[in-house]
K.L.:
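Take a look at the following structure, please.
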Protein chains: 4
Amino acid sequence: MATTMRALVKVRPVPGAELQAVPIPEIGPGDVLVRVQAAAVCGTDLHIYYWDEWASKRMHPPVIFGHEFCGFIEQVGEDVRNLAPGDFVSAEMHIACGHCYQCRTGQAHICRSVKILGVDDHGCFAEFVRIPASNILKLDAAIPPDYAAVLDPLGNAVHTVLAGPIAGCSVGVVGCGPIGLMAIAVARASGAGPIFAVEVNANRRQLAQAMGADVVLDPSTDSIEGIILERTVGGGVDAALEFSGHPNGVHTAFQIVRPGGRVSLLGIPPRPVELDLTRDVIFKGLTVQGINGRRMYETWYQMRSLLSQNRLHLEPLFTDRLPLEEFAVGMERLRAGQASKVLLYPSGRPNA
Amino acid sequence: MATTMRALVKVRPVPGAELQAVPIPEIGPGDVLVRVQAAAVCGTDLHIYYWDEWASKRMHPPVIFGHEFCGFIEQVGEDVRNLAPGDFVSAEMHIACGHCYQCRTGQAHICRSVKILGVDDHGCFAEFVRIPASNILKLDAAIPPDYAAVLDPLGNAVHTVLAGPIAGCSVGVVGCGPIGLMAIAVARASGAGPIFAVEVNANRRQLAQAMGADVVLDPSTDSIEGIILERTVGGGVDAALEFSGHPNGVHTAFQIVRPGGRVSLLGIPPRPVELDLTRDVIFKGLTVQGINGRRMYETWYQMRSLLSQNRLHLEPLFTDRLPLEEFAVGMERLRAGQASKVLLYPSGRPNA
Amino acid sequence: MATTMRALVKVRPVPGAELQAVPIPEIGPGDVLVRVQAAAVCGTDLHIYYWDEWASKRMHPPVIFGHEFCGFIEQVGEDVRNLAPGDFVSAEMHIACGHCYQCRTGQAHICRSVKILGVDDHGCFAEFVRIPASNILKLDAAIPPDYAAVLDPLGNAVHTVLAGPIAGCSVGVVGCGPIGLMAIAVARASGAGPIFAVEVNANRRQLAQAMGADVVLDPSTDSIEGIILERTVGGGVDAALEFSGHPNGVHTAFQIVRPGGRVSLLGIPPRPVELDLTRDVIFKGLTVQGINGRRMYETWYQMRSLLSQNRLHLEPLFTDRLPLEEFAVGMERLRAGQASKVLLYPSGRPNA
Amino acid sequence: MATTMRALVKVRPVPGAELQAVPIPEIGPGDVLVRVQAAAVCGTDLHIYYWDEWASKRMHPPVIFGHEFCGFIEQVGEDVRNLAPGDFVSAEMHIACGHCYQCRTGQAHICRSVKILGVDDHGCFAEFVRIPASNILKLDAAIPPDYAAVLDPLGNAVHTVLAGPIAGCSVGVVGCGPIGLMAIAVARASGAGPIFAVEVNANRRQLAQAMGADVVLDPSTDSIEGIILERTVGGGVDAALEFSGHPNGVHTAFQIVRPGGRVSLLGIPPRPVELDLTRDVIFKGLTVQGINGRRMYETWYQMRSLLSQNRLHLEPLFTDRLPLEEFAVGMERLRAGQASKVLLYPSGRPNA
């Protein structure tokens, strides 16, 4: 085995990144080394690549970034059981501390001392990545690698959609970036209906349709609230799922939900938002949920079940498939709003 | 309007029933009169028709039986609001008392003084049926009448399937009579998988496949527990749903469920069943649910959503479609295990 | 029986109210007439009495106001079962429509067409009050009348406290008006601990102590967040219950709750509030609940159980006990913040 | 520090046990060594001591038994963080595998490969015990050592009582051994009422009264079902908690619970039990829960909260306090039904 590998490194605290030859990570007794088959670019990676305020506060280059991927186990540490070289896997890249109240009570997804691989330590935009064995999820070989590469954001979507009753429920998906689009597919596969998608961008509205939304609405021209009120029985949707992070999106979510329904917030507003709590939350008897990450590891098992049984159809998401070295193309297309989900292949595209 | 109608009457406390001309029911201020478009035969109707021990204890003929149907409102009582002649409807035939603790706390489906139309008072095997307005459910015209006619048993299936987490969960359906078959479709539409169907009867196994089961098993030849253990990740299915009412079925349900899973019991065992509570319930940390009727009216709204959005495919269920006067043929085919769901049309089959 | 009664009437759309002789209400077939033994003054009654903007928009005088009370049934309508003259009762004064989705699915407390007795129609500041039988709650004679008179606000407190896990949980009660104070007693009786009370008013802080708070904090001098963080294990309280309706109170609730905890909002902010959803809700993985009214009728049964078994100690709440004709004194003391809960006795104070 | 310690060892696969001098355990990098301050005898220890069929199948002597205790950390392994010598602690003695589906989804209490210290490996009837750091719970010094010594069975009680709604609920406790008695105290502290205790043994009925039961019933003379039906509003108790493991106790639990209530089973029936599922579970719409162990670690945090705030009064439980060397006396008194909870002090009784 070689001792170096190709990796996309955030080298310095300025915009950009470099493809470098770096040492293959050495693993500890509780770690595994995974050969990355496919990786995907997250919005977070854009923040890192273009080096915005958040990135400059949080990251300490040099770091190999990237945290969405799948691959095959190359090597396991001496204490690792239940995993072996050759296993097809993905991983939860939030490394929870294991000691805090949240970790000890089944809420590790909101661990108070979490560390994220690909942000706080080396990630997966490389030929190999080192992961603690406890964070590895074995996958069924029946799951296509491109699907397996996006389990991290798909997990956000599944966590959001399944955070409350969904079968036989009406749903509003506000914001149709990749996670919102995945949420449409998950809601559809989970028996929700009607599913309303709300999105300002025309390309994304087309994708929303392709993912299975029943009604696709444009807030710049449609009377969202009126249409939804008319087509639901409870005075709004049972579940309003917010993925945009935009104040308008947040307000829309609270307007379209029925009294007694739920609003699940995953999109990250960059600034505080003014809410009419009296009208929109208290008198409506709402439940509002903040959704962060993926439940460890319920969400992963739910995804594995949905994917192994071929219940999700994610194909329209994958707008770009590139070898790792063409990363800059993918970053640009994402920034320009031309791409939805960009896949990178550290060893070149399979079957290409 | 005529003053008499055709009705299938349980005339005397002996096997059989008669098609008679009887007065059209008069409605009170809170009632509606519904013209029956399609009705369906339940196992309970077989008990009544062939007059078994349960029927002889419970019923007091003469009674028009039948409790699964849909139709159009013909007339509404003077106090009735929100309903009007011409509305396409079905109805919950369990008439809850409204006064008991259960009724006052959202558990009317287990009302301690329930009365069932079609058993304790006149039902729907007739041209017209009288129903309290509070028990009526308005339906979308997009729902096919044959589907609308089986909302009562479909509600049993939905109540059972959705009594716990289901999307991304593995499920075992034990017993594939009509309600078990419907449960397969509901589980499938709700994102469950893999769905294992367990059934001794070969016809029903074929239907189970057609309804969407991923794996269909025959307890007389297959090693049920071994197969399910191998194909699930948690040491069994997340949810075992029992529809057979047979002691073997009950035991199977407890064997195939994973530690921490749920067993939902809808099938009615005719006699007490011996359970190894220590091994099968306590050490496994199980949740066991007794399921009765349909939740009023959550289950009905869930069904309406699933059907309005065309999420359920029930077609294989409908093995027999008969005009009301051929009721005896349907009863016989059901008793012989040749039919699954028999539809009766009091005004002749539509479009026939 | 006399034909007129004394009643406190909001006569005209200006501040004030008059004690008048008015006809005793006639009841319909589904109503009961209750002789009021004790009534209590709510903050809403102050709005009505002093005629603020909300009142002027909502009410249409003349109306007998008041909605917190207990009494004995004097007369029952011809259709009323399960109730009889002489029964000791209180009542839910929110009259739900019974037809909307919320009413039909066990969420009548957020009925979309609710009518409130004492606001939209005649209430209980009178010798007699007419109530639909379905809204009556029979009480155990062991419950003291003064306690029975405040079941409406106690129900707000119980609804809020029991809207999530509570036994063995740390709790923050923000705002110690009457409902906040009751919430302390309910939380204490339900196994919560430690219970932190946050209140700016010194009198109310004393009452909070008397009601059973473990730690009483003054936001004007104490470092609330630091103290609570130090004395809890999860990085804040498991449940933050907001009763003040003040923006500062709302912000405090979000600051003191642990990641993964719940914020339950009952206090009514008069204006929109700015929230840092990203930091305070999403990354924290919070559940935020809007709490309105009382669950019909789970909350009432919970209260009956707590009171019949003598689990709640509410005595410190009752700062003022007055005959009905001294209403103006009570209103003034409430407005001045000198009173907590004011009881009015339409027939003079019992045993006085 | 000495190199040997006194320990109560199950030496051979025959009845009895021996107090021996054995080496103080050596700890691994992830372990801690705890100096035992107080230990308590469980029914399981009686099975081991008197060597019944279960013990002979499960245990492989020589083993130091005992699994209920508290103490002070003496030494920590090199990888241990968040714990230090001198910490006052107890421990969960079920060592979960960490790898199975249950462990990875917050259900470690039903881990499929659990190992129990004091049964499968050395336990706490000794001066020192070795425990994996992950299983240690730090305690507040305000918790009395005798209380801290029984957190294991108290956790069973808390797990059972808090497995569903409890505040404002009526509860039946069937079987008043130590865990049933603790459950009474927990239910009382959690706002339950009325609390009915059902127990055949007169001593235990007295203890049930002392622990806070509202109504204590003797199944050999009282008409249990009639009394409970009369004193509850829903047609039985909201929650029936079974601690006896006796078939009669199990049947009682199912008889006294109201339709829609829950039956939580913790007592271990030695043989299968015949249940009328149709009448007692399905038509009643019950939820039946198998309860095993304690939730890791929610239950522990709940206990810590209840005890730190002094909400539980367990004093009547402690019928016997003995130095370790008098273990045989305690075992005999337990076998004879003369003792409820026996405490053993490996270093002699504190303050004695």
Side-chain angles (χ1 to χ4, degrees), chain A residues 82 106 137-140 142 154-155 157-171 183 185-196 212-215 231-235 237-239 258 260-261 294-295 297-312, chain B residues 82 106 137-140 142 154-155 157-171 183 185-196 212-215 231-235 237-239 258 260-261 294-295 297-312:
Chain A
N82 302 312
L137 270 288
K138 283 172 75 169
L139 300 174
D140 190 326
L154 180 60
V158 168
H159 187 184
T160 308
V161 173
L162 300 188
I166 197 71
C169 293
S170 53
V171 171
V186 173
R188 183 68 188 247
S190 303
I195 301 169
F196 301 91
D214 295 295
V215 183
R231 299 195 49 168
T232 52
V233 68
V237 292
D238 297 310
R258 69 163 172 82
R294 297 143 296 280
R295 294 192 68 87
Y297 289 93
E298 292 89 331
T299 306
W300 291 87
Y301 287 109
Q302 291 166 332
M303 286 191 279
R304 188 158 77 170
S305 168
L306 288 165
L307 291 174
S308 294
Q309 305 304 321
N310 199 26
R311 301 290 200 256
L312 288 179
Chain B
N82 302 311
L137 269 289
K138 281 172 77 168
L139 300 173
D140 190 328
L154 179 61
V158 167
H159 187 185
T160 308
V161 172
L162 300 188
I166 196 71
C169 293
S170 53
V171 171
V186 173
R188 183 67 186 249
S190 304
I195 300 169
F196 301 91
D214 296 295
V215 183
R231 299 195 47 167
T232 52
V233 68
V237 292
D238 296 309
R258 69 163 172 82
R294 296 143 298 281
R295 293 191 68 86
Y297 288 91
E298 292 90 330
T299 307
W300 291 87
Y301 287 108
Q302 291 166 332
M303 286 192 278
R304 189 157 78 170
S305 167
L306 288 165
L307 292 174
S308 294
Q309 304 305 320
N310 199 25
R311 302 290 201 256
L312 287 179

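To find a chain, count down the sequence lines: A is the first, B the second, and so on, and within it residues start at 1.
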K.L.:
Heavy-atom pairs under 4.5 Å with chain A: which of T299(B), I195(B), T232(B), L306(B) has the most?
P.N.:
L306(B)
K.L.:
How would you list, by chain and number, every residue that makes a side-chain hydrogen bond (donor to acceptor under 3.5 Å, both in side chains) with R188(A), sequence neighbours excluded?
P.N.:
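Once residues adjacent in sequence are excluded, R188(A) has no partner under the side-chain hydrogen bond (donor to acceptor under 3.5 Å, both in side chains) criterion.
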K.L.:
Identify which of M303(A), R304(A), Q302(A), E298(A) forms the greatest number of heavy-atom pairs closer than 4.5 Å to chain B.
P.N.:
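Between M303(A), R304(A), Q302(A), E298(A), the count favours Q302(A).
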K.L.:
Can you name the side-chain hydrogen bond (donor to acceptor under 3.5 Å, both in side chains) partners of R294(A), sequence neighbours left out?
P.N.:
E92(A), D152(A)
K.L.:
If the condition is side-chain hydrogen bond (donor to acceptor under 3.5 Å, both in side chains), which residues does N82(B) pass it with, not counting sequence neighbours?
P.N.:
H99(C)
K.L.:
Picking from V158(B), D214(B), V186(B), which has the most non-hydrogen pairs under 4.5 angstrom with chain A?
P.N.:
D214(B)
K.L.:
Under 3.5 Å, side chain of S305(A) to main-chain N/O of G193(B), donor-acceptor pair present?
P.N.:
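Flag set: sc S305(A) to bb G193(B) pair under 3.5 Å.
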K.L.:
What residues of residues 159-167 of chain A sit under 4.5 Å from chain B when you count only heavy atoms?
P.N.:
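Only L162(A), A167(A) of residues 159-167 of chain A have a heavy atom under 4.5 Å from chain B.
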